[in-house]
Colleague: 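After the structure tokens below, expect a handful of questions from me.
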Amino acid sequence: MKPIQYIQLAGSALLITLLAACRTMVPLDLGDNTPRIVINAVATEQQGIDISLSESKPTGVAAPSTNVYYPYDHPDCPYRMTLKVNDQLVPLSEVTQYKPQTGDRIAISVEKPGLKAASAVTTVPAQPKLGAVEVKTLDKSRRTSWVSNASNVRLQKGQYLELQNYELSIPLQGITKDSYYRIIVERQAVMRGESIQPEGYRWYQEQMQDPSLAKFSSGDLIFESANAYPMNLLAGSNVSTSDYTLRTTLSFATRVCNADGSTDEAQTTSDVSDYVALRVTVYAITSDLYHYWQTVTSDRYNSMSETGLTEPILIYNNIHDGLGILGSMAAAQRQDLKIVTH
């Protein structure tokens, strides 16, 4: 063996010996691991209050394989909740009958043996002021192979769907710098010979494109499944006037076209909706609710929260000595519209 090889082997052996002998224990600071009471609650004017109680898990501790949840009024529920409205105690048996009113001051406190008591307060906002929602027909220059109101169409070679663009306008009035809103736009395609179906799962929510809206991804709402409900949130500080009209473009198919541009009447009748029903609801929401949704629905939270090397994401919290959110909101009268698509 050449001398240079002996030197390389000796150097490698020495390096391995040094690395093996050099061990430094670095403690990992995971912060406060004390379990806390978690309160997630939203009160909606004239509708009621939804309340979920749970407990945070210390970092690095696996969750139990079986979780048993009890309603807050169940005798075996480990949490003891107190609800007050305008400083008046609401018996647990009457919580489900309570209908929040504008200006109501709602206070929740929760106790559990061995944990700090948690509490929060919210005040129900006034209903937002809303003008008449309108739909305006725009251009008709787009082609596509799929759109929501013709999702079952089977296009033949050379065929395409012709899209019609519409502008939806939602005029908000009386906006102040400290006001916050959530706008829900729902659509349902109604085929020829059918009628509007009232079931909630038949309606799909639209992500609005107005530049003044907060830039969130599809979010995870309290008591709703994630990614199915777009967040259309507006802070009054993002607009410069007290009256502002939100605008977004909706696109729906109007006909099935052959390669030469002619209409396939049979497929258009059977596969393109007769019309699209729209429901528009505007909620005034508390600042706490807005900032909470701002953190739990951010693109970074949804796309990177499970990546181990990302820095922690701080979720907005208004629960004193606990975790979670207590918010409230009030809705303007829902407005229903119809877009005839062919």
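Note that the structure is a prediction, hence the values are computed from the model and not measured. For the single chain, residues carry numbers from 1 onward in sequence order.
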Colleague: Under a 3.5 Å threshold, yes or no: a donor from one side chain and an acceptor from the other, between S212 and Y244?
Modeller: yes
Colleague: If every non-hydrogen atom of I175 is compared with every non-hydrogen atom of G236, which pair is closest and at what distance?
Modeller: CG2-CA, 3.7 Å
Colleague: Which heavy atom of N232 sits nearest to which heavy atom of E206, and what is that distance?
Modeller: ND2-O, 3.0 Å
Colleague: Going by atom types alone, do T248 and D210 pair a side-chain donor with an acceptor below 3.5 Å?
Modeller: no
Colleague: Where is the tightest heavy-atom contact between Q159 and Q156, given as atom of each residue plus distance?
Modeller: OE1-N, 2.7 Å
Colleague: Is it possible for you to say whether F252 and L163 belong to one hydrophobic cluster, with membership spreading through side-chain heavy-atom contacts below 4.5 Å?
Modeller: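 Different clusters.
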Colleague: Step by step, work out the side-chain hydrogen bond (donor to acceptor under 3.5 Å, both in side chains) result for Q164 and T341.
Modeller: CA-CA 8 Å; Q164 174 74 59; T341 48; over 6 Å; no
Colleague: Is there side-chain contact between Q46 and Q101, with heavy atoms separated by less than 4.5 Å?
Modeller: yes
Colleague: When hydrophobic residues are tied together by side-chain contacts of less than 4.5 Å, even through go-betweens, does L326 share a cluster with L83?
Modeller: yes
Colleague: Will you find, in the side chains of E45 and T102, an N or O donor that is under 3.5 Å from an N or O acceptor?
Modeller: yes
Colleague: Specify the closest pair of heavy atoms between N149 and M191, including all atoms of both residues, with the distance to one decimal.
Modeller: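 Of all heavy-atom pairs spanning N149 and M191, the closest is O-SD, 4.4 Å.
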Colleague: With a 4.5 Å cut-off on side-chain heavy-atom distances among I, L, V, M, F, W and Y, is there a chain of contacts connecting I184 to Y180?
Modeller: yes
Colleague: Mind checking whether H291 and Y316 have parallel, tilted or perpendicular rings, split at 30° and 60°?
Modeller: tilted
Colleague: So, taking the atom named CD in Q188 and the one named OH in Y204, what distance separates them when rounded to the nearest 0.5 Å?
Modeller: 8.5 Å
Colleague: Do you know which of V38, L323, I325, I39 makes side chain to side chain contact (heavy atoms under 4.5 Å, CB included) with N317?
Modeller: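 Exactly one pass, corresponding to L323.
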Colleague: Does either side chain, that of T122 or that of S328, offer a donor lying less than 3.5 Å from an acceptor on the other one?
Modeller: yes
Colleague: Should L233 and Q294 be marked as a side-chain contact (heavy atoms from CB on, under 4.5 Å) after you check the CA-CA gap, both sets of side-chain angles, and the distance that decides it?
Modeller: CA-CA 9 Å; L233 301 184; Q294 185 180 26; 5.9 Å; no
Colleague: Determine, step by step, whether L168 and V185 satisfy the side-chain contact (heavy atoms from CB on, under 4.5 Å) criterion, reporting the C-alpha distance in whole Å, the side-chain angles of both residues, the deciding distance to 0.1 Å, and the verdict.
Modeller: CA-CA 10 Å; L168 177 67; V185 178; 3.7 Å; yes
Colleague: Calculate, to the nearest 0.5 Å, the distance between atoms CG and CZ belonging to L92 and R80 respectively.
Modeller: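 Reported to 0.5 Å precision, the distance equals 9.0 Å.
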Colleague: Side-chain contact, heavy-atom cut-off 4.5 Å: I106 with V121?
Modeller: no
Colleague: Between Q197 and W203, which heavy-atom pair has the shortest distance, and what is it?
Modeller: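 Taking Q197 first and W203 second, the nearest heavy atoms are O-NE1, 3.1 Å.
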Colleague: Please check if the side chain of T144 supplies one atom and the backbone of W146 the other of a donor-acceptor pair under 3.5 Å.
Modeller: yes
Colleague: Evaluate the side-chain contact (heavy atoms from CB on, under 4.5 Å) criterion for residues V95 and Y72: first the C-alpha distance (whole Å), next the side-chain angles of each, then the deciding distance (0.1 Å), finally the verdict.
Modeller: CA-CA 10 Å; V95 171; Y72 52 79; 3.1 Å; yes
Colleague: Report the C-alpha separation of L246 and Y181 in whole Å, then their side-chain angles, then the decisive distance to 0.1 Å, and conclude whether the side-chain contact (heavy atoms from CB on, under 4.5 Å) test is met.
Modeller: CA-CA 12 Å; L246 294 165; Y181 304 90; over 6 Å; no
